[in-house]
Amino acid sequence: MRRSPVTTATLPAPADAPTDPPRPAVGTRPAAWVRPALLVLLAGTALLYLWGLGASGNANSFYAAAAQAGTMSWKAMFFGSLDPSNFITVDKPPAAMWVMALSGRIFGFSSWSMLAPQALEGVAAVALLYATVRRWSGPVAGLLAGAALALTPVAALMFRFNNPDALLVLLLVAGAYGVVRATERAGTRWLLFAGACVGFGFLTKMLQAFLVLPAFALVYLVAAPTGLGRRLLQLLAAGAAMVVSAGWWVATVELWPASARPYIGGSTTNSVLELALGYNGLGRIFGGEGRRPGGGMRGDFAGAMPGGAIPAGGAMPGGGAMPGGGFGGGTGITRLFGPSFGTEISWLLPAALIALVAGLWLTRRAPRTDRTRAALLLWGGWLLVTGLVFSYMQGIIHPYYGVALAPAITALVAIGGRELWRRRENVLCRATLAAMVVVTAAWSFLLLGRTPTWYPWLRYAVVLVAVVAAIGLIAGARLNRRIAVGCAVVAVLAGITAPAAYALETVATPHRGAIPAAGPAGRAGFGGLVSGVDGRGRDMPGRPGGAPGNAPAGRGQRMAGGPGNAPGGPGNAPDGPGNAPGGPGNAPDGPGNTAGPGGPAGLGGPGGDRAADPAMISLLKATTNRWAAATVGSQSAATLQLSSGRAVMSIGGFSGGDPAPTLAQFQRYVADGSVRYFVAAGGMGGRAGGGGGITSWVQSHFTATTVGGQTVYDLTEPASSN
């Protein structure tokens, strides 16, 4: 009797069979559509990140001043000094400043030359994520992961901003690519490359770069096709590469005579190691480094509070809370979904967690070297370790830190979704895939509800499309391939529409200041503080119930109670030239921007930086001293320096609390003519008694004058009574 043919597709796979499908050999030509699709993705990402880039001006003036200083002094560039005369560094290592300063040296320093490298780093991160996911999960998953990363709101924010996070993400994705290549053939060189990427990540944002190390090591230990002993030795070699790539700069700075280099901003002992382990290390996790010497707040946003420091317990004006002195909401497992982080990064987070669990279950019986499981361990370990640390950090944390989670979240969604799609003949896999779609839509509905007046119809449309896609995936995926593919496309659209809309709104909104936030201009985070500016360069309004100074009617206002910001004072007069309704808003030369006797409340701050008054700029430009001026706090110093192009000494570093200089040191600078003017500061770090008594000494020995609404002391002309 003739036997009917049986194809392998009808036979169940053995329980211990690999779950990976056959893969083309390295160097095999990809399908004809892959390369054009990748070019479209990268071109679209470049357009998204580069369009209107200069609208944000100096963005974060703190880092902009360091980039500017690096274009004027190679020494300042090497150390990451805030000023070209090398008094003090920023409170981060300098790798991100190196990139911006080199761009400024080539093209001339400007907003565009400073921010364009950040945008290109974003394009490179998307390309590397695509390449990493594609190697083990195919081009469709790679393209989906890359597109989802590009359209993540916090990514669209940070790849157009001058904080160090853009370079950090690029380096970590590059490290993941190195781990993937090394794991394929147990290659030592690629593992060394991964270690070097993490090391340079340390030179970008210190210990945050190390959060991916458990995932990198776990993947190689589990899946590399070689013996355990060799795997361990290779990991040790990668660790050595990491130490060398980070340690050369640390060793150089530590061995450099302290008298011949700038003070290490953010440290209490003028030490990079103390900065890494303290303020940028354990202090972030346990909250033990909350205040600097001299009473200044130690953090990325100190001095913005009335009086220059956050009250005990992190209480915000108006009743908002900043647990642990941070701005990311209360600690706990729900922090990433809360008011601060939620709309920045959590859109696809529930789907990523479902994909991780489902993928690990589906590959539970796979061989040790199974690549799909290895990919899930890589990105899942990245997400869980970094996410848990962010969730339970007691110290300073900001919502934009969430960009470090974006590659892991988007990769997990793409890889897990692809594995469930491959097994769509199984009803449970189809149901799980549909659940990812529905959960994502439901969470998008809730997140969009946090800005109820911003395109209110969008959240209903997202849910409707998701329900249709889910029904199609469950009922139609098994019947017809075209229907199944159509349902999959609709499902992707349902999942990515809401974050894409937020990302586009983020791109359309200029952002300035210390704490940028993604999303619509009316969104307030971390207790009502808003970091962006509206399309006319003004501070964005906050939501009702936000901190004082951020109420909907308070465009252009600073927080109530600060120097020069008392209700009705010159900094907040509703009818002043700088704040007239419908006017230019906060024009740098309008009295609506002056802080009155307390100093320049318009310089820096939560709503963004301001240019200095033209009279002040002229005064500083006429100097030939080593430092044209000195002022307490880096935000005010940075604004004066960026506006004038002259070095400005930042007394006490970011918030005025660093022990540099001492009063005796400052007196020597004044005596030898190194500093010409002292500018009384308000706003960021502008407490009248800041700077270790320097302000009081200046006030008692020199005569105050007013220049452009700011109090200035000429340090070459002592008061006659003294």
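The residues of the chain are indexed from 1 along the displayed sequence.
Geometrically, Lys92 does not engage Tyr63 in a cation-pi contact, judged by NZ or CZ lying under 6.0 Å from the ring centre and within 45° of the ring axis. For Arg284 and Tyr279, the positive end sits near the middle of the six-membered ring, less than 6.0 Å away and at most 45° from its axis. Figure legend: cation-pi geometry between Arg105 and Trp74, with NZ or CZ positioned under 6.0 Å from the six-membered ring centre and within 45° of its axis.
To the nearest 0.5 Å, the span separating CG on Leu41 from OG1 on Thr45 amounts to 4.5 Å. Taken from CD1 in Ile264 to OG1 in Thr89, the straight-line distance is 4.5 Å, to the nearest 0.5 Å. Once rounded to the nearest 0.5 Å, the distance linking CG of Leu172 with CG of Leu128 reads 11.5 Å. Once rounded to the nearest 0.5 Å, the distance linking CD of Glu121 with CG of Leu168 reads 10.5 Å. For the atom pair Leu149 CG and Ile409 CD1, the distance stands at 10.5 Å (nearest 0.5 Å). Atom CZ of Phe678 sits about 6.0 Å away from atom OG1 of Thr631, to the nearest 0.5 Å.
Here the shortest heavy-atom pairing between Trp382 and Val173 reads CH2-N, 3.9 Å. Pairing each heavy atom of Val253 with each of Arg261, the nearest pair is O-NE, 3.1 Å. Between Gly57 and Ser111, the closest heavy-atom pair is O-OG, 2.5 Å. The minimum heavy-atom distance between Ala518 and Val154, with the atom names listed, is CB-N, 4.2 Å. Among all heavy-atom pairs drawn from Ala66 and Val90, the shortest one is CB-CG1, 3.7 Å. Taking all atoms of both residues into account, the shortest heavy-atom contact from Leu640 to Met616 is CD2-CG, 3.7 Å.
Not one N or O on the side chain of Ser81 forms a donor-acceptor pair closer than 3.5 Å with the backbone of Met77. With hydrogens and angles ignored, the 3.5 Å screen pairs no side-chain donor or acceptor of Tyr677 with any backbone N or O of Leu619. Ser634 places a side-chain N or O within 3.5 Å of a backbone atom of Gly653 that can act as its donor or acceptor partner. The closest donor-acceptor contact from the side chain of Asn162 to the backbone of Asn60 lies under 3.5 Å. Checked by atom type and distance alone, the side chain of Gln118 never pairs as donor or acceptor with a backbone atom of Ala96 at under 3.5 Å. At least one donor-acceptor pair under 3.5 Å links the side chain of Thr71 to the backbone N or O of Gln68. Using a distance-only test at 3.5 Å, with no hydrogens or angles considered, no donor-acceptor pair links the side chain of Asp165 to the main chain of Tyr401. Although no hydrogens or angles enter the test, the distance criterion places a donor-acceptor pair under 3.5 Å between the side chain of His511 and the main chain of Ala517. Side chain of Arg646 to backbone of Ala628: no donor-acceptor contact under 3.5 angstrom is found. Using a distance-only test at 3.5 Å, with no hydrogens or angles considered, no donor-acceptor pair links the side chain of Ser61 to the main chain of Ala64.
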Please walk me through it: do Leu82 and Phe87 pass side-chain contact (heavy atoms from CB on, under 4.5 Å)? CA-CA 8 Å; Leu82 186 74; Phe87 172 68; over 6 Å; no
Tyr263 vs Asp658, side-chain contact (heavy atoms from CB on, under 4.5 Å): CA-CA, chis, key distance, verdict: CA-CA 9 Å; Tyr263 185 91; Asp658 286 350; 4.3 Å; yes
Between Leu348 and Thr152, is the side-chain contact (heavy atoms from CB on, under 4.5 Å) condition met? List the steps. CA-CA 9 Å; Leu348 298 177; Thr152 299; 5.7 Å; no
Please step through side-chain contact (heavy atoms from CB on, under 4.5 Å) for the pair Ile345 and Val403, ending with a clear verdict. CA-CA 7 Å; Ile345 190 58; Val403 69; over 6 Å; no
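Taking the six-membered ring for Trp and the full ring otherwise, Phe210 and Phe202 have centroids separated by under 6.0 Å. A distance below 6.0 Å separates the ring centres of Tyr502 and Trp347.
In this structure, Ser56 and Leu115 have side chains that are in contact, with non-hydrogen atoms separated by less than 4.5 Å. By the 4.5 Å heavy-atom criterion applied to side chains, Pro516 and Met158 are counted as neighbours. In this structure, Val707 and Gln710 have side chains that are not in contact, with every pair of non-hydrogen atoms separated by 4.5 Å or more. Side chains of Val648 and Asp83 form no contact here, defined as non-hydrogen atoms less than 4.5 Å apart. Side-chain contact between Ser346 and Leu447 is present, with at least one heavy-atom pair separated by less than 4.5 Å. Considering only heavy atoms from C-beta on, Asn58 stays 4.5 Å or farther from Arg512 through its side chain. Taking 4.5 Å as the limit, every side-chain heavy atom of Thr343 sits out of range of all side-chain heavy atoms of Pro153. Contact of the Phe107 side chain with the Trp112 side chain is not registered, since no non-hydrogen atoms from C-beta on lie closer than 4.5 Å.
Contacts classified as salt bridge (charged side-chain N to carboxylate O under 4.0 Å, His left out) and involving residues 52-75 (residues at least two apart or in different chains) are not found.
Tyr400 and Asn163 are linked by a side-chain donor-acceptor pair at a separation below 3.5 angstrom, with hydrogens and angles left out of the test.
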